[in-house]
Amino acid sequence: RIPQMDAYDREVLAGVILGDEIGAAERYAALRRWMSSLAQRTPLILCMEDSWMLPESLDLLERLLDTEEAILVLVSVSPEARQEHEALSERLNQIARNGFVSWLDLQGFSSGEMEHLLVERLRLEESLVQMIQQRAAGNPAFALHVVGDWVGRGILQQQSGTLSLR
């Protein structure tokens with residue numbers, strides 16, 4: 001059961017969702033109180049992807065690292081994002097100096113692994129596999145994003161158990 005929020009925190013978080021101008025300190029305080037109340041009942045896992053790595057997200061990450069509750073934060077940042085955004089990379093390095101942070105560098109998928117993902121798991125038509133592999137360059141998250149985008153835009157259709165071009 002998800003713990004209830006007090007009325008003030010509900011308003012602050014609803015304002016975040018609706019795009020209201022709310023101060024960062026209020027937003028983080030409300031999020032942290034809510035996540036802490038969740039984590040008191042059961043361990044909590046929060047996943048943050050590099051597409052959400054804004055200064056505000058890093059502020060929240062720092063605040064969550066400064067809590068005693070059982071909150072595991074998984075942050076994925078692509079090498080490209082770290083190279084393109086020097087400030088992001090430096091900030092992540094500062095955060096990593098916290099004793100509770102561990103780095104895990106993941107390698108891209110091999111051609112065979114990517115083919116397995118696209119053909120065996122996603123059931124993508126063989127003729128599209130090479131095109132997606134070239135675009136994704138070993139990044140399975142990007143491959144999933146491209147396929148999902150194409151399905152969402154109606155470019156791909158399911159036919160006889162496989163995804164193919166319309």
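Side-chain contact between L117 and L144 is present, with at least one heavy-atom pair separated by less than 4.5 Å. Under the 4.5 Å side-chain criterion, counting only non-hydrogen atoms from C-beta, Q157 is in contact with S164. Contact annotation: the side chain of L124 never approaches that of T162 to less than 4.5 Å [non-hydrogen atoms, C-beta and beyond].
Residue L46 holds its CG atom at 8.5 Å from CG of L61, rounded to the nearest 0.5 Å. I71 CD1 to S36 OG: the interatomic distance, rounded to the nearest 0.5 Å, is 5.0 Å. One finds the CG atom of L122 at 11.5 Å from the CG atom of L128 (value rounded to the nearest 0.5 Å). Atoms CD and CD1, on E115 and I132 in that order, are 13.0 Å from each other to the nearest 0.5 Å.
The same ILVMFWY cluster, assembled from side-chain heavy atoms under 4.5 Å apart, contains both V151 and V119. Residues V75 and I45 fall into different hydrophobic clusters, defined by Ile, Leu, Val, Met, Phe, Trp and Tyr side chains chained together at heavy-atom separations under 4.5 Å.
Here the shortest heavy-atom pairing between V129 and L118 reads O-CD1, 3.9 Å. Annotation for M114 and A136: closest pair CE-CB, 4.0 Å, computed over non-hydrogen atoms. Nearest approach of A39 to A70, heavy atoms of both residues: CB-O, 3.8 Å.
The environment of E113 atom CD is dense: over 12 non-hydrogen atoms of other residues, nucleotides or ligands sit within 6.0 angstrom.
Every residue two or more places apart in sequence or in another chain that forms a side-chain contact (heavy atoms from CB on, under 4.5 Å) with E84 is listed here: E80. Contacts of R153 classified as side-chain contact (heavy atoms from CB on, under 4.5 Å), with partners at least two apart in sequence or in another chain: D149, W150, I155. Not counting sequence neighbours, the partners of A96 by the side-chain contact (heavy atoms from CB on, under 4.5 Å) test are V101, W103. Checked against side-chain contact (heavy atoms from CB on, under 4.5 Å), E120 has the following partners two or more places apart in sequence or in another chain: H116, R123. Residues satisfying the salt bridge (Lys or Arg N to Asp or Glu O under 4.0 Å) criterion with E62, sequence neighbours excluded, are R91.
Formation of a donor-acceptor pair under 3.5 Å by the Q133 side chain with backbone atoms of S111 is found in this model.
Listed by first and then second residue, the side-chain hydrogen bond (donor to acceptor under 3.5 Å, both in side chains) pairs that reach into residues 135-147 come to none, sequence neighbours excluded.
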